[in-house]
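First comes the structure, then the notes that go with it.
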There are 2 protein chains.
Amino acid sequence: MTELRRAASVVRERSPVPEATVARLPLYLRVLTSLADRGVHTVSSETLATAAGVTSAKVRKDLSHLGSYGTRGVGYGVDLLLNRIAAELGLTEDRSVLLVGVGNLGHALAGYGGFQARGFRVVALLDIDPCRIGESIGGVVVRPLDEMEVLVEHSRVTIGVICTPATAAQAVCDRLVAAGVTSILNFAPTVLSVPAGVDVRKVDLAVELQILSFHEARKRPASSPDGMTRATAGRALPRTRGGGPLVGTTGGEAS
Amino acid sequence: MTELRRAASVVRERSPVPEATVARLPLYLRVLTSLADRGVHTVSSETLATAAGVTSAKVRKDLSHLGSYGTRGVGYGVDLLLNRIAAELGLTEDRSVLLVGVGNLGHALAGYGGFQARGFRVVALLDIDPCRIGESIGGVVVRPLDEMEVLVEHSRVTIGVICTPATAAQAVCDRLVAAGVTSILNFAPTVLSVPAGVDVRKVDLAVELQILSFHEARKRPASSPDGMTRATAGRALPRTRGGGPLVGTTGGEAS
DNA sequence: ACGACTTCGTGAAGGCGTTCACGAAGTTGA
DNA sequence: TCAACTTCGTGAACGCCTTCACGAAGTCGT
């Protein structure tokens with residue numbers, strides 16, 4: 001107000017969108033899409049909050065980072081907000097995705113409809129196993145790993161999905177980065193190291209279960225089955241390792 | 001003190017473990033398991049931190065919530081710490097898991113080796129589609145949805161995994177809760193409402209990609225359709241968002 | 001036109017988590 | 001034994017995010 005307002009036509013935000021807000025934008029987007037499909041034209045922060053499972057204050061604060069797109073006394077325009085969030089998430093142009101490792105999980109992700117439904121196109125599938133090459137999943141043919149560089153160059157892929165065993169993940173990651181991929185979604189249970197400027201997000205399915213298990217343990221206080229106290233001497237982890245590999249192969253693909 | 005302290009031998013901490021710490025314990029557990037397999041007996045917070053991709057201060061603070069299990073000047077005993085974390089996560093007794101919805105993703109999760117490798121047993125698979133019933137995945141046979149209540153009762157399952165389409169998720173969730181399940185891992189892209197006392201964690205694969213897309217959009221301002229190719233790949237800090245033409249084409253929900 | 005009502009946008013306060021810095025407590029070597 | 005060194009455990013400061021509370025700004029009914 002007192003400050004000289006930059007009256008430029010472009011939205012000159014610095015980078016006012018907190019990471020926590022970014023993580024919720026896809027949630028709002030999903031709700032708004034559903035509302036739009038049902039023909040709803042306006043929505044209040046309260047309604048949107050309930051549908052998204054958050055508080056209304058959070059919704060308003062989050063959306064305020066994108067600018068003022070609401071109308072006081074009415075709410076937010078569904079279509080307007082929907083476009084605004086889609087733009088903020090960079091979904092106006094569809095993003096191409098390359099998936100490496102068509103094993104158990106990779107195969108499922110390749111055929112997962114949710115990706116395409118929300119603006120992502122899996123343009124290439126890669127695997128090192130000759131048996132899998134040539135197979136078609138969701139209209140995309142599995143190609144040998146060596147074609148990675150050519151594919152990235154050609155199709156302008158910027159996002160890579162790693163579904164390989166943990167042991168191969170870092171090597172694949174390095175090749176992806178070298179080829180020009182700048183965002184990686186990692187499903188392998190291992191920590192990836194990448195140069196600055198490359199984003200990595202990881203999804204570890206077992207970790208989610210372990211977190212639930214933690215809370216379960218607090219609900220049912222470790223009932224001692226035989227009346228003996230928990231003073232086990234040996235390994236408590238019920239791992240049933242048959243042979244002992246040198247490198248810890250916890251998890252990973254099992255095909 | 002004011003409260004009668006239980007002198008039991010078991011650790012009876014209330015819940016001084018912050019949620020953020022809980023989320024990292026599985027990570028430490030994975031690293032420690034790997035170290036144990038390699039015959040390493042002690043590890044410093046610095047080494048553990050590097051392997052887990054966090055800072056050493058964070059490791060020490062996290063582990064301090066579990067008690068003093070380190071030795072100054074030396075580090076942490078790998079086996080000791082491994083057992084301690086496993087106990088904290090409730091993994092000393094193996095947790096049974098029930099999976100509902102053996103579709104694309106559910107099928108992959110049922111066969112995912114990572115669960116069993118880390119102390120979880122998928123004891124039942126359910127689906128409503130008659131065509132899928134009878135199929136065996138990883139040694140477990142797919143059963144009709146109606147057997148849910150009996151199975152939960154019998155096998156003492158406390159964790160349920162939902163891999164159904166979004167439209168069916170809430171109904172399945174309600175049945176699970178009614179049957180006695182108190183922790184739910186939800187892969188369906190919808191918000192589940194549950195009574196107090198039930199924990200829900202959600203994993204939305206498309207959301208992860210959308211978050212990556214957000215950061216991609218900031219790396220490459222997207223406006224110029226054919227500006228630079230790869231020559232300037234890397235740093236692009238001075239983001240200058242151009243007012244992009246919004247063509248929001250976000251598809252509807254997918255199965 | 002205008003008061004009543006609804007809802008957004010936002011400063012302020014509070015809570016949680018991360019990072020820093022350093023004393024405490026152990027080991028190692030002579 | 002004792003000094004030098006390593007590393008843990010932790011109080012304190014800092015920053016991010018959430019929550020609260022309320023003014024601002026619009027709509028609606030008469």
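Reminder, nothing fancy here: chain letters follow the sequence lines and each chain counts from 1. Computed from heavy atoms alone, side chains included, the values below leave out hydrogens, waters and symmetry copies.
Under 4.0 angstrom from either OP1 or OP2 of D:dC8 there lies at least one side-chain N or O belonging to B:Ser45. A close approach under 4.0 Å does occur between a side-chain nitrogen or oxygen of B:Arg24 and OP1 or OP2 of C:dT18. The phosphate of D:dT19 has OP1 or OP2 within less than 4.0 Å of a side-chain N or O from A:Lys58. The phosphate of D:dG26 has neither OP1 nor OP2 within less than 4.0 Å of any side-chain N or O from A:Tyr76. For the pair A:Thr71 and C:dC8, the criterion of a side-chain N or O lying under 4.0 Å from OP1 or OP2 is not met. A sub-4.0 Å separation between OP1 or OP2 of D:dT7 and a side-chain N or O of B:Tyr69 is absent. Of the side-chain N and O atoms in B:Ser44, none sit less than 4.0 angstrom from OP1 or OP2 of D:dT7.
At whole-Å resolution of the value, CZ in B:Arg60 and P in C:dT18 are 14 Å apart. As a whole-Å value, the separation of A:Glu46 CD from C:dG9 P is 15 Å. Across the protein-nucleic acid pair, A:Leu81 atom CG and C:dT7 atom C1' stand 14 Å apart, rounded to whole Å. In this structure, A:Leu48 places its CG atom 13 Å from P of C:dT7, rounding to the nearest Å. Between the NE2 atom of B:His65 and the P atom of D:dG9 there is a distance of 12 Å, rounded to whole Å. When rounded to the nearest whole Å, the span between NZ of B:Lys61 and C1' of D:dC8 equals 12 Å.
Heavy-atom nearest nucleotides on DNA chain D were determined for B:Gly70 and for A:Gly73, and the one closer to the 5' end corresponds to B:Gly70. Between B:Asp62 and A:Val43, the residue anchored closer to the 5' end of DNA chain C is A:Val43, taking for each the nucleotide with the nearest heavy atom.
Between B:Gln210 atom CD and B:Leu205 atom CG the span is 11.0 Å, to the nearest 0.5 Å. For the atom pair A:Phe120 CZ and A:Leu91 CG, the distance stands at 5.0 Å (nearest 0.5 Å).
Among the protein residues, A:Glu19 comes within range of the sugar-phosphate backbone only, with heavy atoms under 4.0 Å from sugar or phosphate atoms but none that close to a base. Looking at heavy-atom distances under 4.0 Å, A:Thr55 makes contact with sugar-phosphate atoms alone, never a base.
A cation-pi arrangement is not found for B:Arg118 relative to B:Phe115, the charged atom failing to lie both closer than 6.0 Å to the ring centre and inside a 45° cone about the ring normal.
Using a 4.5 Å heavy-atom cutoff, the side chains of B:Glu208 and A:Pro26 are not in contact. A heavy-atom distance below 4.5 Å is not found between the side chains of B:Leu212 and A:Arg95.
With C:dC20, D:dC20, D:dA24 as the candidates, the nucleotide lying closest to the side chain of A:Ala57 is D:dC20. Comparing D:dG9, C:dG17, C:dT7 by their closest approach to the side chain of A:Arg72 singles out C:dT7.
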